[in-house]
Amino acid sequence: MAKAVELLHTKGLTASNFTGQDFLTISDFHSTEIMYLLKQAIKLKKEQKLGVTHKHLNGKVLGMIFDKASTRTRVSFEVGIVQLGGNPIYLNTKDTQLGRGESVADTAKVLSRYVDAVMIRTFAHNTIEEFAAHADIPVINGLTDLHHPTQVMADLMTILEHKGRLKGLKLCYVGDGNNNMTHSLLEGAAKVGMDIAVASPFGYEPNQMIRDHAKLVAKQNGSSVIITNSADEAIQDADVVVTDVWASMGEEDEFEARVEAFKPYQVNSKLCEKAKDDFMFMHCLPAHRGEEVTAEILDGPHSVVFDEAENRLHAQKAIMLALMEEN
Ligand code: CP
Ligand code: NVA
């Protein structure tokens, strides 16, 4: 761990560049802004380990709306806002008037009068876009069916910590190509100049618009995007190997059909022989040992999944500070 982090061009950027903005997808931000946030996250982590605290969000309140289950996202946002001097309010949609049909727009307008930012975990991505369009406060995406950007910020931070750089590395994702993790990884890798190869079964490839856009951005940043049905091809010489569940939240009914399609896409020792000797294995968690990944890999020496989970806290503190701090 703790390799020297590459010097990156983020000169001139400060938290004030982000104040009041939403954090809905990685592609909403410039490469230098992503790098700035990653560097801030690493700095906050180091400071926290040294006992240095920042109460810059003293008195601020983060509303947290959950339409789906969560362990990491909920706890890391709650702990993060408290560590920065603020307070969280947890709202399970079912317990609010949203759950009884109050409109997203009215809810956004009302919450804007009470809290300083809102984090939302929901199903359709356009729900969070609609919320953000009607809110006067920053809105943070804590996972939609289409994107999981705060997870991918933690993932990029973890790679940067372990490898000391991002640009020029190859990330391989094997599994469900048409889910939130893959889409945010495509956007994130392209932004920071990492090569990314996604291998998924026929019919489970990434969203066409997201992959086309990622290809364009990757080209601008000197990297490449490969979408394939061959796990062997995708993993060849990979520095980072990533997978995720075969059925995401909301897709539970499709599980049986998906298992058949995804079986050849399990991340196991045999497949990983084709990655670089020092490859890192990542998974956003929760994981299903014996399905998308074997226990041998998930609990093995290449796995950094618990650093990755920890880094949700630090990456999100950097994001909250940037969006919510008054300058
Ligand atoms: N990785 C992740 O978002 O975990 P939770 O579903 O536990 O929040
Ligand atoms: N793709 C998974 C990620 C969970 C954090 C899901 O949406 O369920």
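In listed order, ligands and their atoms are each counted from 1. Start at 1 with the first residue, then count along the sequence.
- The shortest N or O to N or O distance between L143 and ligand 1 is not under 3.5 Å.
- An N or O contact shorter than 3.5 Å is missing between R74 and ligand 1 by distance.
- Counting only heavy atoms of the protein, atom 2 (C) of ligand 1 lies nearest to R312 NH1, 3.3 Å.
- In the model, E310 has a side-chain atom that pairs as donor or acceptor with a side-chain atom of H314 under 3.5 Å.
- Scanning all protein heavy atoms for the shortest distance to atom 6 (O) of ligand 1 gives R121 NH1, 2.8 Å.
- With ligand atoms numbered from 1 in the order given, ligand 1 contributes 5 (P), 7 (O), 8 (O) to contacts under 4.0 Å with heavy atoms of T71.
- Proximity of K68 to ligand 1 is not established, as no heavy-atom distance is less than 4.0 Å.
- For the pair L24/H147, no side-chain contact is recorded, criterion being any heavy-atom separation below 4.5 Å from C-beta on.
- For ligand 1, the atoms closer than 4.0 angstrom to any heavy atom of L285 are 1 (N), 2 (C), 4 (O).
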Write out each pair where an N or O from ligand 2 and one from the protein are under 3.5 Å apart, with the distance.
| unit_1 | atom_1 | unit_2 | atom_2 | d |
| --- | --- | --- | --- | --- |
| ligand 2 | 1 (N) | N180 | OD1 | 2.8 |
| ligand 2 | 1 (N) | D244 | OD2 | 2.6 |
| ligand 2 | 1 (N) | S248 | OG | 2.7 |
| ligand 2 | 7 (O) | N180 | ND2 | 2.8 |
| ligand 2 | 7 (O) | S248 | OG | 3.4 |
| ligand 2 | 8 (O) | M249 | N | 2.8 |

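- Scanning the protein for heavy atoms near atom 4 (O) of ligand 1, the closest one is R72 NE, 2.8 Å.
- Cation-pi geometry between R74 and F66 is not met at under 6.0 angstrom from the ring centre and within 45 degrees of the axis.
- Cation-pi contact between K191 and F29: absent, since separation from the ring centre below 6.0 Å together with deviation from the ring axis within 45° is not met.
- Close N/O approach between M249 and ligand 1 is not found [any backbone or side-chain N/O within under 3.5 Å].
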